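Have a look at the structure that comes next, please.
For ligands, and for the atoms within them, numbers begin at 1 and follow the listed sequence. Being a predicted model, the structure only gives us computed values, none of them experimental.
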Amino acid sequence: MRRRLLSIYHRLYGQLGPQGWWPGRSRFEVIVGAILTQNTNWGNVEKAIRRLRQEKMLSPSAISALSRRRLAALIRPAGTFAVKAGRLQNFLAFLRKRYGGSLRRLFQDEPARIREALLQVSGIGPETADSILLYAGNIPVFVVDAYTRRIFSRHRLISHQAPYHEVQALFMNHLPRDAQLYNEYHALLVAVGKEYCRSIPRCDTCPLRWDLEHHGIPLPVKDS
Ligand code: SF4
(Lines give C-alpha, C1' and ligand atoms only; values in the text may rest on other atoms or scores of the structure.)
Protein backbone atom coordinates (compact mmCIF):
# COMPACT_ATOMS: atom_id res chain seq x y z
CA MET A 1 0.00 0.00 0.00
CA ARG A 2 2.80 2.42 0.92
CA ARG A 3 4.41 1.82 -2.44
CA ARG A 4 1.18 2.42 -4.34
CA LEU A 5 0.35 5.61 -2.44
CA LEU A 6 3.85 6.95 -3.01
CA SER A 7 3.76 5.98 -6.69
CA ILE A 8 0.53 7.93 -7.10
CA TYR A 9 2.10 10.91 -5.32
CA HIS A 10 5.28 10.88 -7.39
CA ARG A 11 3.34 10.47 -10.62
CA LEU A 12 1.19 13.49 -9.77
CA TYR A 13 4.08 15.59 -8.57
CA GLY A 14 6.09 14.72 -11.68
CA GLN A 15 3.27 15.68 -14.04
CA LEU A 16 1.54 18.53 -12.24
CA GLY A 17 4.44 20.01 -10.24
CA PRO A 18 4.35 21.73 -6.85
CA GLN A 19 0.98 23.34 -6.09
CA GLY A 20 2.24 25.98 -3.63
CA TRP A 21 -0.43 25.42 -1.01
CA TRP A 22 -1.96 26.84 1.11
CA PRO A 23 -2.31 30.31 -0.38
CA GLY A 24 -2.13 32.69 2.58
CA ARG A 25 0.26 35.36 3.85
CA SER A 26 -0.01 34.39 7.51
CA ARG A 27 -1.22 31.55 9.69
CA PHE A 28 -4.30 33.50 10.58
CA GLU A 29 -5.10 34.13 6.93
CA VAL A 30 -4.81 30.38 6.29
CA ILE A 31 -7.27 29.70 9.12
CA VAL A 32 -9.70 32.31 7.83
CA GLY A 33 -9.44 30.73 4.38
CA ALA A 34 -10.02 27.22 5.77
CA ILE A 35 -13.24 28.39 7.43
CA LEU A 36 -14.47 30.49 4.51
CA THR A 37 -13.82 27.83 1.86
CA GLN A 38 -16.52 25.52 3.21
CA ASN A 39 -19.07 24.95 0.41
CA THR A 40 -17.70 27.54 -1.98
CA ASN A 41 -14.92 27.88 -4.52
CA TRP A 42 -11.57 29.42 -3.76
CA GLY A 43 -12.12 32.43 -6.02
CA ASN A 44 -14.94 33.60 -3.75
CA VAL A 45 -12.78 33.08 -0.66
CA GLU A 46 -10.02 35.19 -2.20
CA LYS A 47 -12.44 38.05 -2.76
CA ALA A 48 -13.58 37.91 0.88
CA ILE A 49 -9.99 37.78 2.15
CA ARG A 50 -9.02 40.69 -0.08
CA ARG A 51 -11.80 42.75 1.46
CA LEU A 52 -10.65 41.87 4.97
CA ARG A 53 -7.09 42.81 4.03
CA GLN A 54 -8.12 46.12 2.51
CA GLU A 55 -9.93 46.94 5.74
CA LYS A 56 -6.88 45.80 7.78
CA MET A 57 -8.96 43.13 9.46
CA LEU A 58 -6.74 40.09 8.97
CA SER A 59 -5.76 39.57 12.59
CA PRO A 60 -7.54 37.86 15.48
CA SER A 61 -7.80 41.12 17.44
CA ALA A 62 -9.18 43.11 14.49
CA ILE A 63 -11.87 40.55 13.64
CA SER A 64 -12.75 40.10 17.31
CA ALA A 65 -13.55 43.81 17.52
CA LEU A 66 -16.09 43.60 14.68
CA SER A 67 -19.79 43.06 15.14
CA ARG A 68 -21.11 39.91 13.50
CA ARG A 69 -23.09 42.04 11.08
CA ARG A 70 -20.05 44.02 9.94
CA LEU A 71 -17.94 40.88 9.63
CA ALA A 72 -20.66 39.17 7.60
CA ALA A 73 -20.81 42.18 5.26
CA LEU A 74 -17.05 42.05 4.71
CA ILE A 75 -16.96 38.34 3.90
CA ARG A 76 -20.11 38.42 1.77
CA PRO A 77 -18.32 37.16 -1.41
CA ALA A 78 -17.58 33.84 0.35
CA GLY A 79 -21.30 32.92 0.44
CA THR A 80 -23.42 31.92 3.46
CA PHE A 81 -21.70 34.93 5.02
CA ALA A 82 -23.81 35.16 8.16
CA VAL A 83 -23.07 31.53 9.02
CA LYS A 84 -19.38 31.91 8.22
CA ALA A 85 -19.10 35.12 10.26
CA GLY A 86 -20.47 33.12 13.20
CA ARG A 87 -17.93 30.36 12.60
CA LEU A 88 -15.03 32.81 12.50
CA GLN A 89 -16.24 34.35 15.73
CA ASN A 90 -16.67 30.92 17.29
CA PHE A 91 -13.06 30.11 16.40
CA LEU A 92 -11.82 33.41 17.85
CA ALA A 93 -13.80 32.92 21.06
CA PHE A 94 -12.21 29.47 21.38
CA LEU A 95 -8.75 30.92 20.71
CA ARG A 96 -9.21 33.59 23.36
CA LYS A 97 -10.67 31.27 25.96
CA ARG A 98 -8.25 28.42 25.58
CA TYR A 99 -5.04 30.02 24.30
CA GLY A 100 -5.33 33.67 25.36
CA GLY A 101 -5.91 34.69 21.72
CA SER A 102 -2.45 33.48 20.69
CA LEU A 103 -1.93 31.31 17.61
CA ARG A 104 1.62 30.64 18.83
CA ARG A 105 0.25 29.12 22.03
CA LEU A 106 -2.37 27.17 20.08
CA PHE A 107 0.21 25.48 17.88
CA GLN A 108 2.54 24.80 20.80
CA ASP A 109 -0.07 22.47 22.24
CA GLU A 110 -0.22 18.73 21.57
CA PRO A 111 -1.61 18.14 18.05
CA ALA A 112 -4.19 15.60 19.27
CA ARG A 113 -5.41 18.07 21.90
CA ILE A 114 -5.63 20.91 19.38
CA ARG A 115 -7.62 18.73 16.99
CA GLU A 116 -9.99 17.56 19.67
CA ALA A 117 -10.53 21.13 20.83
CA LEU A 118 -11.05 22.47 17.30
CA LEU A 119 -13.70 19.83 16.70
CA GLN A 120 -15.63 21.21 19.68
CA VAL A 121 -15.90 24.60 17.96
CA SER A 122 -19.30 24.94 16.34
CA GLY A 123 -18.91 24.95 12.55
CA ILE A 124 -15.47 23.31 12.45
CA GLY A 125 -15.52 19.73 11.19
CA PRO A 126 -12.68 17.28 10.58
CA GLU A 127 -11.66 18.66 7.16
CA THR A 128 -11.45 22.25 8.41
CA ALA A 129 -9.70 21.23 11.65
CA ASP A 130 -7.13 19.19 9.73
CA SER A 131 -6.60 21.97 7.18
CA ILE A 132 -5.85 24.33 10.07
CA LEU A 133 -3.44 21.85 11.66
CA LEU A 134 -1.62 21.05 8.44
CA TYR A 135 -1.58 24.31 6.54
CA ALA A 136 -1.46 26.82 9.39
CA GLY A 137 0.34 24.68 11.98
CA ASN A 138 2.62 22.61 9.73
CA ILE A 139 1.48 19.57 11.72
CA PRO A 140 1.51 16.26 9.77
CA VAL A 141 -2.20 15.45 9.55
CA PHE A 142 -3.66 14.26 6.25
CA VAL A 143 -6.61 16.33 5.01
CA VAL A 144 -9.44 14.35 3.43
CA ASP A 145 -11.94 16.01 1.14
CA ALA A 146 -14.53 15.02 -1.46
CA TYR A 147 -11.86 14.81 -4.17
CA THR A 148 -9.77 12.40 -2.10
CA ARG A 149 -12.77 10.20 -1.52
CA ARG A 150 -13.83 10.19 -5.16
CA ILE A 151 -10.36 9.47 -6.57
CA PHE A 152 -9.48 6.71 -4.13
CA SER A 153 -12.86 5.03 -4.27
CA ARG A 154 -12.66 4.99 -8.06
CA HIS A 155 -9.23 3.39 -7.67
CA ARG A 156 -10.80 0.91 -5.23
CA LEU A 157 -8.54 1.81 -2.34
CA ILE A 158 -11.48 2.83 -0.15
CA SER A 159 -15.23 2.46 -0.28
CA HIS A 160 -17.15 5.52 -1.40
CA GLN A 161 -18.95 5.60 1.95
CA ALA A 162 -15.80 5.23 4.06
CA PRO A 163 -15.91 7.60 7.05
CA TYR A 164 -13.43 10.45 7.29
CA HIS A 165 -11.15 8.82 9.84
CA GLU A 166 -10.90 5.64 7.79
CA VAL A 167 -9.80 7.50 4.65
CA GLN A 168 -7.36 9.54 6.69
CA ALA A 169 -5.92 6.38 8.25
CA LEU A 170 -5.19 4.95 4.80
CA PHE A 171 -2.68 7.75 4.27
CA MET A 172 -1.41 8.24 7.80
CA ASN A 173 -0.87 4.55 8.48
CA HIS A 174 1.10 4.00 5.30
CA LEU A 175 2.95 7.22 4.60
CA PRO A 176 5.70 8.87 6.64
CA ARG A 177 4.41 11.54 9.05
CA ASP A 178 5.65 14.41 6.94
CA ALA A 179 3.75 17.71 6.81
CA GLN A 180 5.32 18.75 3.51
CA LEU A 181 4.35 15.45 1.88
CA TYR A 182 0.77 15.67 3.20
CA ASN A 183 0.54 19.30 2.16
CA GLU A 184 1.57 18.59 -1.42
CA TYR A 185 -0.32 15.31 -1.71
CA HIS A 186 -3.63 16.88 -0.74
CA ALA A 187 -3.07 19.85 -3.04
CA LEU A 188 -2.26 17.51 -5.96
CA LEU A 189 -5.43 15.49 -5.33
CA VAL A 190 -7.46 18.69 -5.44
CA ALA A 191 -5.81 19.55 -8.77
CA VAL A 192 -6.68 16.10 -10.16
CA GLY A 193 -10.22 16.33 -8.81
CA LYS A 194 -10.81 19.70 -10.44
CA GLU A 195 -9.28 18.91 -13.78
CA TYR A 196 -9.80 15.19 -14.33
CA CYS A 197 -11.70 13.27 -11.68
CA ARG A 198 -14.98 15.07 -12.12
CA SER A 199 -18.44 13.62 -11.84
CA ILE A 200 -17.88 12.36 -15.39
CA PRO A 201 -14.22 11.36 -15.20
CA ARG A 202 -11.63 12.33 -17.80
CA CYS A 203 -9.47 9.25 -17.40
CA ASP A 204 -8.13 9.40 -20.96
CA THR A 205 -5.86 12.32 -20.18
CA CYS A 206 -5.53 11.88 -16.40
CA PRO A 207 -2.07 11.27 -14.87
CA LEU A 208 -3.59 8.47 -12.75
CA ARG A 209 -5.01 6.37 -15.57
CA TRP A 210 -1.89 4.25 -15.35
CA ASP A 211 -2.83 3.14 -11.81
CA LEU A 212 -6.25 1.89 -12.93
CA GLU A 213 -4.71 -0.08 -15.79
CA HIS A 214 -1.90 -1.47 -13.66
CA HIS A 215 -4.43 -2.90 -11.19
CA GLY A 216 -6.90 -4.11 -13.82
CA ILE A 217 -9.62 -1.66 -12.70
CA PRO A 218 -12.13 -0.75 -15.42
CA LEU A 219 -12.31 2.96 -16.22
CA PRO A 220 -15.21 4.50 -14.31
CA VAL A 221 -17.84 6.20 -16.45
CA LYS A 222 -19.45 8.45 -13.85
CA ASP A 223 -19.79 8.87 -10.10
CA SER A 224 -19.99 5.47 -8.45
S1 SF4 B 1 -10.10 10.67 -13.77
FE2 SF4 B 1 -9.94 8.46 -13.92
S3 SF4 B 1 -7.76 8.02 -13.86
FE4 SF4 B 1 -8.06 10.09 -13.10
S5 SF4 B 1 -8.21 9.92 -10.89
FE6 SF4 B 1 -10.28 9.86 -11.71
S7 SF4 B 1 -10.72 7.68 -11.97
FE8 SF4 B 1 -8.52 7.89 -11.78
Side-chain angles (χ1 to χ4, degrees), residues 1-24 30 33-46 78-79 125-136 138-224:
M1 182 59 72
R2 175 188 166 100
R3 215 165 125 187
R4 188 170 172 193
L5 291 176
L6 284 173
S7 298
I8 288 172
Y9 171 75
H10 289 302
R11 179 68 64 119
L12 291 180
Y13 190 84
Q15 293 206 19
L16 304 179
Q19 301 296 301
W21 271 38
W22 179 296
V30 171
I35 292 171
L36 294 186
T37 201
Q38 297 167 349
N39 305 314
T40 192
N41 68 53
W42 186 252
N44 292 333
V45 175
E46 281 181 323
E127 184 184 336
T128 306
D130 290 339
S131 296
I132 291 171
L133 288 167
L134 178 62
Y135 289 105
N138 201 33
I139 293 166
V141 176
F142 203 93
V143 178
V144 173
D145 65 1
Y147 293 128
T148 318
R149 190 170 268 110
R150 176 185 273 167
I151 294 166
F152 285 85
S153 61
R154 284 175 168 172
H155 285 246
R156 304 202 178 160
L157 283 156
I158 55 166
S159 102
H160 191 64
Q161 288 82 24
Y164 187 97
H165 69 271
E166 214 174 288
V167 184
Q168 186 176 54
L170 172 78
F171 294 92
M172 296 191 60
N173 290 346
H174 294 98
L175 294 174
R177 300 286 168 109
D178 178 339
Q180 188 49 40
L181 171 67
Y182 292 0
N183 174 328
E184 199 65 69
Y185 209 144
H186 176 239
L188 287 163
L189 293 175
V190 172
V192 170
K194 283 184 173 164
E195 186 62 29
Y196 304 100
C197 208
R198 298 173 166 205
S199 172
I200 298 176
R202 299 172 168 174
C203 301
D204 279 354
T205 51
C206 180
L208 294 187
R209 178 183 172 134
W210 125 93
D211 181 74
L212 292 175
E213 290 169 346
H214 185 74
H215 291 92
I217 301 168
L219 300 188
V221 287
K222 58 180 175 128
D223 258 344
S224 55

Open item on the list: Suppose the cut-off is 2.8 Å; how many protein N/O/S atoms fall inside it around atom 6 (Fe) of ligand 1?
Closed with: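 Counting protein N, O and S atoms closer than 2.8 Å to atom 6 (Fe) of ligand 1 gives 1.
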Donor-acceptor contacts, no H, no angles, side chain residues 10-17, under 3.5 Å, sequence neighbours left out:
none

Open item on the list: Measuring centre to centre across the rings, with the benzene-like ring taken for any Trp, is W42 within less than 6.0 Å of W21?
Closed with: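 For W42 and W21, the ring centres are not under 6.0 Å apart.
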TODO: Hey, could you give me each pair passing side-chain hydrogen bond (donor to acceptor under 3.5 Å, both in side chains) that has a residue in residues 170-181? Not counting sequence neighbours.
DONE: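 Counting only pairs at least two positions apart or across chains, no side-chain hydrogen bond (donor to acceptor under 3.5 Å, both in side chains) contact touches residues 170-181.
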Which donor-acceptor pairs under 3.5 Å do the side chains of residues 198-212 make with protein atoms, sequence neighbours left out?
from: R198; atom 1: NE; to: K194; atom 2: O; distance (Å): 2.8
from: R198; atom 1: NH2; to: K194; atom 2: O; distance (Å): 3.2
from: R202; atom 1: NH1; to: E195; atom 2: O; distance (Å): 3.1
from: D204; atom 1: OD1; to: R209; atom 2: NH1; distance (Å): 2.7
from: R209; atom 1: NE; to: E213; atom 2: OE2; distance (Å): 2.6
from: R209; atom 1: NH2; to: E213; atom 2: OE2; distance (Å): 3.2
from: D211; atom 1: OD1; to: R4; atom 2: NE; distance (Å): 3.0
from: D211; atom 1: OD1; to: H215; atom 2: ND1; distance (Å): 3.4
from: D211; atom 1: OD2; to: R4; atom 2: NE; distance (Å): 3.4
from: D211; atom 1: OD2; to: R4; atom 2: NH2; distance (Å): 2.8
from: D211; atom 1: OD2; to: H155; atom 2: ND1; distance (Å): 2.7

TODO: Taking the six-membered ring for Trp and the single ring otherwise, decide whether the centroids of F152 and F171 are under 6.0 Å apart.
DONE: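 Under 6.0 Å, so yes.
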Open item on the list: Between Y135 and D130, do the side chains contain a donor N or O and an acceptor N or O under 3.5 Å apart?
Closed with: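 Y135 and D130 do not have a side-chain donor-acceptor pair below 3.5 Å.
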